[in-house]
Each structure stands twice: as C-alpha cells, then as structure tokens.
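Heavy-atom basis, side chains included; hydrogens, waters and symmetry copies ignored. Each chain gets a letter, A, B and so on, in the order its sequence line appears, and its residues count up from 1.
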Protein chains: 2
Amino acid sequence: MRDVARLAGVSPATVSNAMNHPDKVSPATRDRVHAAIAELGFVRNSAAHQLRRGTNRAVGMVVLDVANPFFTDVARGVEEGLAAEGRPLILGNSGQDAARETAYLDLFEEQRVSGLLVTPVGDTLPRLRRLRDRGTSVVLVDRRVGVREFSSVTVDDRRGGRLATEHLLALGRTSVAFVGGPPRLNQVRHRLEAARAAVDAHGSGSVRYVETASMDAAAGRAGAERLLALDAPERPDAIFAGNDLVALGVLQALTRARVAVPDDIAIIGFDDIDFAASAAIPLTSVRQPAAEMGRTAATRLLEIIEDPSTSSVVHTVLEPELVVRESTAGPG
Amino acid sequence: MRDVARLAGVSPATVSNAMNHPDKVSPATRDRVHAAIAELGFVRNSAAHQLRRGTNRAVGMVVLDVANPFFTDVARGVEEGLAAEGRPLILGNSGQDAARETAYLDLFEEQRVSGLLVTPVGDTLPRLRRLRDRGTSVVLVDRRVGVREFSSVTVDDRRGGRLATEHLLALGRTSVAFVGGPPRLNQVRHRLEAARAAVDAHGSGSVRYVETASMDAAAGRAGAERLLALDAPERPDAIFAGNDLVALGVLQALTRARVAVPDDIAIIGFDDIDFAASAAIPLTSVRQPAAEMGRTAATRLLEIIEDPSTSSVVHTVLEPELVVRESTAGPG
DNA sequence: TCGAATTATTGAATCGATTTAACGAAGTGT
DNA sequence: ACACTTCGTTAAATCGATTCAATAATTCGA
C-alpha cells in the first residue's frame, strides 16, 4: 500500500480513505489513487484489513455432505441469498464426520467469520454457543439444536413422513420398511415416527425399521439386501427410504435381484433431488425445497448479522411436498 | 492472548512459543499455558497470525459447478489429498460464471492463500500469473491453460472421445450427434475432435455437432429436442453427450418422446458420475477418475508449496475408461 | 564454589491496513 | 482584513500474534 501511496503522491491514509471512505477524499486524488491501484495491481491484505477492522465479512458454511445433491442445492440457495450483500461464502464439507466438522468450526472461529450456517453432525452445541458469545451469528440449516438459542430453517420432517406413508397406505401397501439411519439423526427419527403414527392412524399395516450407518446409496443397497434375505412372506411391500440416495441404492439392489418395482415392492424417497426423476424407475419422493431453505437461511443470517440485538429466535419450517412417480404409482 | 498469558503467569511471547515452538518452552510452563488456553477457550485470531506470519496455510479451490457430482467428487479427492498436511480447504463455486470466478480469485488473493486449485472458466490466465508471481502456487484441475507455466491434472479427453466413438461405431452406429457446449471449452472441443477423427479413421459414418450453451440436464433436453425435430431419416442413431448430466437430459427427452434407447438411438455420456449407473436406462459412459484427479492435484500443489523453486511444470494426464451399460449395449 | 555454557523467558519491534486527532489550506461572513 | 468554518490530507496509534535480541535462570565442569 505504501507503493500505491508513493505512486499517487499521497499518504497511505489517503489510499485507505479512497478505498473505504470515498466521500472523504477529493475526486481528483481519488482518481489518482485508483489509477495507481490499477497500475500496480494492488490487492489489499485481508489479514491486515481484518485485524484492524475486527470483523471478517465472510460467512462460513459447514455442509453435511457435498456428495448429496440435496446439500449442494441448499448451498446454492445460500450463495444466492448472500449475493445480495456481496458477502463471500466459504464452504466446508464435514462429510458427516464430527472431527472434520470440528476442524472447520475451528477454522471459522479463527477467521472470526461474521456468520455461520451449519448442519451439525456431532455434539456441536457448546461450540456454537461459544461462537455466538463471541459475536458470530449462527443459523442452523436442516437441523434444530438448542431450540431456544439458535434460529433455524428446516423442513417439516414429520409432515413429510406422514405424506409418504399415507401415500403408500392409500396404494394398499401394508408392510412398510423404513431404511435409513443412524437413528441419532432427528431427521431419521421424525420421519420414522411419522410413518408409524400414520400407520397407527390408518388402523392397519406395520412399519419395520431397517437401520443403516449412513445415508448414501451404499447404505441403501445394504439395507435392501437385508430385506431380500427374508422369506417371502416376511418381505415388505413398500420401502420408505430415509433420502433419495438411499432410495436409489435400494432400487439398484432390488433391480439386481429382479424384484419388480413398484409391483412387488414400492419405493419412496425423500428430498426429490434432480436425479430422482431420471432414475431407472423414476422415484416417488417427498420434495424438500432445498434452494429456498438455503436462501431463507442466508436471509435470516444477514438479519442477525446486521442487528445482533435482535435476540429473537426464529424457526422457519418449510413444507415438503409429495411428488408421485413410477416407483410407487406404476407406469402411466 | 494477553489474558491467557496473565492466567498462566507468563508473557504473551511465551504463550506464542508454547503454541508454535513447543520445544522452546519447558514442559511445566507449556502445560500451564495449555491449561490456561483450555480454561479460557482461547482461539487465536488468524488475521493477526497471518499478518505476522505472512502466509496463510489454507488452500483455495474454485469449483466449476457444485451441481455436477463430477466436480464434488474431485473436491472430495482434494480434501483427502490435503488431509495429510492438515491444510484447510476453502471451497468456492463459480457455477461456470466468470464474474463469480473472479470474485473468488479476489477473495483468495486478498487472503494470500498458499495454494490455489482452479478449473478456470473465463479469461483467467493473467490473474493466475499474478497470483503465482505473488507467491501463490497454482495447479489447474481438469483444464490446461498457460501450458508452459502451470502444472495441471487432466484426463485425456481425446482418448475418451475416441473410446466413446469407437464403441458406438463398433455397435454399427453410423450417424452420431455430439451434444454439448459451449465449444469454447477445451473439453468439448477435444472430445468432439476425437469423435470426428474416430469416424474418419473408421471410414464411414458422420458426426454432427449440436451446440448447447451449458452442460447440464436442461441443455441435454434442449439438444435432444432439436434432434427430435428432424425428419426421421435425418435423425442420428447415436448421441454422444458432452457429460453425464447432458446425457441424462437427453435420455429424459428421448424417453418422453417414446424413442427407444438404445434400439433407436444409443446414448453415451462422459464422467461416469454415480448417478449414471442408476439412470432410467443405465448410462454407458467414459469414466473419469475424479477423486484420483483431486488427490493428484492436491499432492502436486503441496509439492509446489513446499518447494516453490521447483519451477518444473508437470502435466499429469489420467486415463479415461469406457464403462458399458444398457444405454448403448441393450439389456443383458 | 565460581564462571561458562546452556536453556527459558521476556520486552520491544513488526506485519499492513484503518482510524483518530491534528494540521494546513481554502472559503465565508462581517 | 480578521476570526471562523469547512474540507482534504497526514502522522501516529492501533488491531493481536510472532519473532528477535537481550536478559534471567539453570546446569555443568573444574
């Protein structure tokens, strides 16, 4: 910056003013400074900038799993929402791993980001509290922990679970297997509980839980194979998958075993990722408005950053929507 | 940090030494300092740290399109490769948009990241030169620009194009449409050129180019519809899609129009993303080793960071592999 | 036991940009 | 013409951690 100042024939302070308080500088010198900046290709050192300013404009986001299109859709929504304010978004991928989540939280805490969007994996609440107490605004995405303390944007999982299950029951299916896990995840619990409640309300039918360690296609294949190992009368006539990746895995395993979908076993997923529509047998799914979730979370976060005194905690719950395709309804 | 020093009964300098040069501090005081750090939950301010240290350990990566699983797979590979050194990876998504790419390069330049992985979109070469001249190591991923200056990790697109086209020709297809674009992308050009060369070498057949503005499913649908609008004798009997997303879009459009795949028209994609295998008609594709590409790029970048004097430019070219599925081969 | 060699700790300078308070120059009103 | 604003500019202090040179404490050999 000294070089820029020298070239423009002014002091470093004036260069700073030209960049950050253009009104404090006469038009003539402002132009001179900008010319010098352009000529030297000066880019300010954000470490120094932040150190003095005390704040980092960037927003951090810890994404649960970039391999899941649902979360990349959320991230894209966040980017859109942040674009209005021109704040950079720094993405970290926890890949469902608590240790990596912690590593990214450390990074963001060191960086003193002004806001944080996170879908927590591990026992993250104490960390989030500390971040908040130190001035980082926090909004939870697709999860709720510390309900009285942190705003969140989620989708009504119970409603989604009910929609899915009622759809299956309406089609005359009675023996439903829910494939997903681990049950520690609220998502999984809520969807499963709602499925059971729907079956109870219906008066007949059953829900069995096939627990998996993760929520990807491999888990779906493994879960389906466990079901296929059962004797025919024990087999379910419908599978409610914890999400679309799992559903695609289930579909692969069933197809390989020459089980007719949906005739023998119907499959319904959750999320309605783009690929659900172009699956081998297009997947019925419970649509989550991922991009909207991201946008909403970003907007809410910006509000809190602008006015941290707004201590009110807001939980936005978006509505899921049933999208019926061939994996339950049959062709045509 | 002053607080930590006070609590531990030492000077700030000792606290710093305890963290960064543990050998310079006696075990007793080191423990005392660490206890104080833990008690106060001290997290160092990375702005100050970097300002003094002059370097940022983090590595930046500008991903071309997080909506494309191919690139998230690459990013996962990069994370793996970087994990060895424990360097944080900061992700930015350009979404194929030159302006957003520039915004992220600005951010990374301000941050003085020690390394940069980028799949350039726009006219990025001058920016990369400047970054390199200022000490940021750069490795190109899935692209080559400034061949004498920047190391790169790519896949042999011509070979991939040849594999795909020879496969189609071997199946007796003669009229191939290449759907993809824009042609400004090297990838697209190389794959298309290789397709034409393969047809020439074969002695019969033809390749027509259906140009699209982007490389997503929507583009694939649009491209396919243009082909469907042709009179029957004009229609191709095979479609080589620029990547799997485009291929999935093509497949959707053909299915909707009740065109039999592969009987009437065969489809082959590129990338072999996970979803290709679970598509409506499982997609034949040219597999790119995405994760390996990411790992390799990360490793190469770390080498350059460690020893910037290594001015040698290395271009790693990974080999693609044909994966035959039903969209060309027919069931069974 | 004493000075030399070694090890542990600290005060002060430093990184690069921002900001505050002070300064000089130009303009205003009487 | 004089005192008084107003406006543009600058010197110097500052953000928080690191590092160097210097000092203090410890160990060791003779």
Side-chain angles (χ1 to χ4, degrees), chain A residues 1-38 40-58 88 106-114 134-136, chain B residues 1-38 40-58 88 106-114 134-136:
Chain A
M1 204 173 83
R2 312 180 75 79
D3 302 335
V4 174
R6 188 165 22 234
L7 180 58
V10 296
S11 78
T14 301
V15 176
S16 173
N17 280 330
M19 302 184 75
N20 306 304
H21 306 281
D23 50 312
K24 300 253 164 202
V25 169
S26 75
T29 44
R30 196 194 315 153
D31 292 348
R32 215 142 27 89
V33 169
H34 282 125
I37 288 175
L40 297 177
F42 167 78
V43 175
R44 78 147 158 274
N45 180 325
S46 78
H49 178 266
Q50 274 176 48
L51 176 56
R52 186 59 238 243
R53 266 305 211 65
T55 94
N56 182 345
R57 276 183 59 76
D106 287 346
L107 177 67
F108 291 143
E109 191 169 354
E110 284 190 359
Q111 302 239 29
R112 308 292 195 261
V113 294
S114 46
R134 295 189 177 175
T136 293
Chain B
M1 204 175 80
R2 313 181 75 77
D3 301 336
V4 174
R6 186 162 25 230
L7 180 58
V10 297
S11 77
T14 302
V15 176
S16 172
N17 281 331
M19 302 185 73
N20 307 305
H21 306 281
D23 49 312
K24 301 253 163 204
V25 168
S26 77
T29 44
R30 197 195 314 151
D31 291 349
R32 215 141 29 87
V33 170
H34 282 126
I37 288 174
L40 297 177
F42 168 78
V43 175
R44 78 148 158 277
N45 180 327
S46 79
H49 177 266
Q50 274 176 49
L51 176 57
R52 185 60 237 242
R53 267 303 212 65
T55 95
N56 182 346
R57 276 183 59 75
D106 288 346
L107 177 67
F108 291 143
E109 190 169 355
E110 284 191 359
Q111 301 240 31
R112 307 292 194 262
V113 294
S114 46
R134 295 187 178 176
T136 294

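- At the phosphate of C:dA17, neither OP1 nor OP2 sits under 4.0 Å from any side-chain N or O atom of A:Asn45.
- C:dC15 atom C1' lies 15 Å from atom CG of A:Asp3, rounded to whole Å.
- Proximity note for B:Ser11 (side chain, C-beta onward) versus D:dA17, C:dT10, C:dT18: the nearest is C:dT10.
- Residues A:Val113 and A:Ala58 come closest through the heavy atom pair CB-O, 3.5 Å.
- A:Pro12 and A:Ala5 make their closest contact through N-CB, 3.6 Å (heavy atoms, listed as atom of the first residue, atom of the second, distance).
- Phosphate proximity of D:dG8 to A:His21: absent, as no side-chain N or O sits under 4.0 Å from OP1 or OP2.
- Of the inter-residue distances, the one linking B:Arg32 atom CZ with B:Ser26 atom OG reads 7.0 Å to the nearest 0.5 angstrom.
- In terms of heavy atoms, A:Gln50 sits closest to A:Thr55 at CG-O, 3.6 Å.
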Determine whether B:His49 and B:Met19 satisfy the following criterion, side chain to side chain contact (heavy atoms under 4.5 Å, CB included), listing intermediate values before the conclusion. CA-CA 12 Å; B:His49 177 266; B:Met19 302 185 73; over 6 Å; no
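- The side chain of A:Arg53 contributes an N or O atom lying less than 4.0 Å from OP1 or OP2 of C:dT19.
- Separating the CD atom of B:Gln111 from the P atom of C:dA17 is a distance of 14 Å, rounded to the nearest angstrom.
- Across the interface with DNA chain C, nearest-nucleotide mapping of B:Arg52 and B:Val10 shows B:Val10 to be the residue nearer the 5′ end.
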Intermediate values then yes/no, side chain to side chain contact (heavy atoms under 4.5 Å, CB included), B:Val33 and B:Ile37: CA-CA 6 Å; B:Val33 170; B:Ile37 288 174; 3.9 Å; yes
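- Against DNA chain D, the stretch residues 23-32 of chain A makes heavy-atom approaches under 4.0 Å through A:Lys24, A:Val25, A:Ser26, A:Thr29.
- For A:Thr14, the side-chain atoms get nearest to D:dT10 when compared with the rest of D:dT19, C:dA17, D:dT10.
- Nucleotide C:dT18 holds its C1' atom 12 Å from the CZ atom of A:Phe42, rounded to whole Å.
- Within 4.0 Å (heavy atoms only), A:Asn20 reaches sugar-phosphate atoms of the nucleic acid but no base atom.
- With hydrogens and angles disregarded, no donor-acceptor distance shorter than 3.5 Å links the side chain of A:Asn17 to the backbone of A:Lys24.
- Of the possible polar contacts, one joining the A:Ser114 side chain to the A:Asn56 backbone as a donor-acceptor pair under 3.5 Å is found.
- Computed from coordinates, the B:Arg2 CZ to D:dT14 C1' distance equals 12 Å when rounded to whole Å.
- The phosphate of C:dG16 has neither OP1 nor OP2 within less than 4.0 Å of any side-chain N or O from A:His49.
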Interface polar pairs with nucleotides 5-7 of chain C, N/O, under 3.5 angstrom:
none

List the steps and the verdict of side chain to side chain contact (heavy atoms under 4.5 Å, CB included) for B:Arg112 and A:Asn45. CA-CA 7 Å; B:Arg112 307 292 194 262; A:Asn45 180 325; 3.7 Å; yes
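- For A:Asn56 and D:dC15, the CG to P distance is 19 Å, given to the nearest whole Å.
- Atom CG of A:Leu51 and atom C1' of D:dC15 are 4 Å apart (whole Å).
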Are A:Asn20 and A:Arg44 close enough, and set up right, to give a side chain to side chain contact (heavy atoms under 4.5 Å, CB included), and what steps lead you there? CA-CA 12 Å; A:Asn20 306 304; A:Arg44 78 147 158 274; 4.1 Å; yes
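- Protein atom CD of A:Glu110 is 10 Å distant from nucleotide atom P of D:dA17, rounded to whole Å.
- Rounded to an integer number of Å, the gap from A:Arg6 CZ to C:dG16 C1' is 14 Å.
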